[in-house]
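Down below is the structure, laid out as structure tokens.
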Amino acid sequence: MKNISDAADLMATARNALLNDLLPALPKDRRYAGLMIANVMAIAAREHRSGGDAIHGEAQRLARLLADLEPDAATTHTDSTGAELPKLRRALASAIRLGYFDDPRHQRALRVHIARTAADWVAISNPKALR
Amino acid sequence: MTRTTSNPAPELSTAFPQADEIGRWLVREMQAGDVRVTRFERLPGGAIQDNWMLDLEVDGGTWAGAHELVLRTDAPSGVSVSLTRAQEFAVLRVAHAAGVVAPQPLLLCRDLSVIGREFFLMRRLAGIAVGHRLTREAALVPDGDALAESLGANLARIHAVRQTCAELKDLVPPAADHARTTIAEYRAYLDCLDDAYPALEWGLQWCATRAPVPARATLIHRDYRTGNYLVEGGHLSAILDWEFAGWGDPREDIGWFTARCWRFAAPDKEAGGIAHVDPFLRGYQRIAQRTVTRQELEYWQVMAHLRWAIIALQQAQRHLAGGERSLELALTGRIVHELEYEVLHLIEKNAQ
């Protein structure tokens with residue numbers, strides 16, 4: 001058992017204080033701002049909890065997908081820590097725009113990857129939107 | 001015209017800084033003996049435009065009497081793609097004359113010596129625009145089908161305005177192929193960003209390879225959706241927010257109106273969260289004598305989500321890099337994930 005609050009617990013506690021103590025005392029016209037702050041705190045807490053996994057998973061899938069796409073360049077896409085994520089995303093975006101995935105035979109792995117990535121980030125930004 | 005008639009936000013009710021200049025201008029424009037400003041309060045909302053509630057009592061001349069108006073001018077941080085106030089005034093005049101339920105535009109001031117910005121006055125109409133209320137509170141919209149049909153009919157009236165309209169000669173001419181041109185614009189914007197968005201790229205590629213035969217360009221609203229119209233007594237009382245209007249493919253407006261991202265509390269009601277799509281398209285067809293196929297509808301819904309994603313990224317950039325630190329802009333940026341998710345969902349649905 002932890003002895004002091006971690007970031008996620010601090011955020012959840014602060015959000016509860018905002019919603020339960022402060023919001024009822026706010027004038028009606030400031031309520032929207034209060035709700036926005038509560039929403040931001042919830043997103044930040046979820047990202048703190050599962051953002052690392054989302055980034056790690058995305059980078060791993062991307063490295064595999066790009067290795068399949070360019071087997072000769074596989075060694076350049078071995079990163080799965082997230083540090084190379086912007087570069088990997090850019091490489092995939094370029095391949096999509098160049099039409100590589102227009103051929104249905106190449107689409108399956110792409111569709112699985114982008115669907116999973118989008119779902120992981122919706123689960124952080126707004127889990128209510130997941131279907 | 002007001003979003004909510006009963007609760008103007010008190011902290012926003014600051015005095016208009018140049019009320020005296022406006023008063024003197026009104027006396028001249030109205031050729032009145034006297035114009036008394038009895039209310040001049042900022043209306044909430046409007047990141048791009050600055051809207052003020054303006055009540056007048058006019059003595060003498062053809063304007064004699066009391067008037068409840070809205071003064072609309074540029075917010076300090078305008079967005080470059082929006083129309084000038086003079087262009088918006090012209091669009092509103094044309095739309096109003098075409099029978100669209102919209103605030104009646106009354107006076108335009110292009111003289112920058114008055115308040116330093118263009119502004120116009122329009123008649124203020126009562127009603128509620130708030131999307132999450134209209135899609136949740138049945139008492140506000142007791143007959144969603146009738147409202148949707150009316151919204152369809154009014155959209156068709158906007159789309160009946162053609163490029164030959166002399167009053168709108170200042171608008172940017174239409175692209176030969178609206179879909180392909182907008183796809184190229186969205187890609188060019190994505191290329192300016194540090195990060196890449198593979199899901200949006202996949203959506204854009206999907207739309208590019210299925211781009212429809214271009215439709216004849218009409219006037220399009222480009223922000224025709226729940227949240228941008230007023231409902232009073234269950235009926236449509238005004239179509240608002242014309243600052244993005246221009247020439248384009250009318251199917252873009254239909255996709256935008258019906259896109260899931262604008263259904264608020266009622267995502268299963270395809271017509272803007274207030275009704276199913278049939279009454280909306282029925283109202284459209286009654287006036288336009290044409291409709292859209294299911295395939296066209298879903299194509300333009302994918303385009304709608306892509307467009308909103310690009311706008312959301314632009315809003316995030318205003319916050320992160322544009323010197324406009326704002327919680328609302330930051331949160332808007334986070335919507336991109338949902339929009340990507342919805343683009344992929346629509347594409348997968350079409351693949352089955």
Side-chain angles (χ1 to χ4, degrees), chain A residues 27-44 46-47 54 58 61-62 65-66 85-104 107-108 110-131, chain B residues 4 6-13 44-45 130 132 183-184 186-188 190-191 193-206 208-210 260-261 263 265 267-268 305 309 312 326-345 347-349 351:
Chain A
K28 199 177 169 188
D29 57 283
R30 310 300 292 198
R31 192 176 154 74
Y32 180 61
L35 288 171
M36 275 201 301
I37 294 168
N39 189 17
V40 160
M41 293 169 86
I43 294 171
R46 286 192 295 266
E47 185 160 330
E58 182 182 357
R61 286 192 304 274
L62 266 172
L65 190 61
L66 292 168
L85 194 53
K87 208 166 87 185
L88 297 172
R89 283 179 180 158
R90 180 67 66 193
L92 181 62
S94 299
I96 291 170
R97 206 186 290 187
L98 287 169
Y100 178 80
F101 295 101
D102 292 354
D103 184 336
Q107 281 176 15
R108 202 186 121 68
L110 170 78
R111 284 158 57 181
V112 168
H113 164 68
I114 55 177
R116 175 65 195 274
T117 305
D120 281 353
W121 284 102
V122 172
I124 291 169
S125 287
N126 183 12
K128 278 187 276 183
L130 285 172
R131 291 196 242 171
Chain B
T4 49
S6 53
N7 290 306
E11 93 289 359
L12 294 172
S13 303
V130 184
H132 68 85
I183 289 166
Y186 302 157
R187 283 174 167 165
L190 290 175
D191 288 343
L193 300 176
D194 291 337
D195 212 350
Y197 293 83
L200 299 182
E201 290 287 348
W202 180 236
L204 288 167
Q205 187 70 6
W206 188 88
T209 53
R210 287 161 183 77
R260 190 181 172 94
C261 53
R263 298 180 201 159
D268 294 335
H305 287 98
S326 147
L327 196 56
E328 189 160 21
L329 292 175
L331 267 177
T332 303
R334 296 292 298 212
I335 293 174
V336 168
H337 300 136
E338 276 173 71
L339 298 170
E340 289 180 327
Y341 184 75
E342 188 56 27
V343 163
L344 299 177
H345 184 83
I347 290 176
E348 289 299 315
K349 194 173 141 199

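A, B, ... follow the sequence lines: proteins, then strands. Residue 1 opens every chain.
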Measure distances from [X] to the heavy atoms of chain A and classify the residue's part below 4.5 Å as side chain, backbone, both or neither.
X        : value
B:Leu193 : backbone
B:Ala351 : side chain
B:Arg187 : both

- prompt: Should B:Arg334 and A:Ile124 be marked as a side-chain contact (heavy atoms from CB on, under 4.5 Å) after you check the CA-CA gap, both sets of side-chain angles, and the distance that decides it?
  reply: CA-CA 10 Å; B:Arg334 296 292 298 212; A:Ile124 291 169; 3.5 Å; yes
message: Before you tell me yes or no, could you show the steps for B:Asp195 and A:Arg89 under side-chain contact (heavy atoms from CB on, under 4.5 Å), namely the whole-Å CA-CA distance, both residues' side-chain angles and the distance that decides it to 0.1 Å?
response: CA-CA 7 Å; B:Asp195 212 350; A:Arg89 283 179 180 158; 2.6 Å; yes
message: Just so I understand: if I count every heavy-atom pair under 4.5 Å between each of B:Leu204, B:Ile347, B:Leu344 and chain A, which residue has the most?
response: B:Leu344
Out of curiosity, [X] [atom1] to [Y] [atom2], how far, rounded to the nearest 0.5 Å?
X        : Y        : atom1 : atom2 : result
B:Glu348 : B:His345 : CD    : NE2   : 9.5 Å
B:Thr332 : B:Ile335 : OG1   : CD1   : 5.0 Å
A:Phe101 : B:Gln205 : CZ    : CD    : 10.5 Å

query: Taking A:Arg111, A:Met36, A:Arg97 one by one, which has the highest count of heavy-atom pairs under 4.5 Å against chain B?
result: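 Option with the top pair count is A:Arg97.
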At a 4.5 Å cut-off on heavy atoms, which part of [X] comes close to chain B: side chain, backbone, both, or neither?
X        : result
A:Glu58  : neither
A:Leu110 : side chain
A:Ile43  : side chain
A:Tyr32  : side chain

query: Does a side-chain heavy-atom distance below 4.5 Å link A:Leu35 with A:Asn39?
result: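 A:Leu35 vs A:Asn39: side chains apart.
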field: Non-hydrogen atoms of A:Arg90 and B:Asp194 that approach each other most closely
entry: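 Minimum heavy-atom contact is NH2-O, 3.4 Å.
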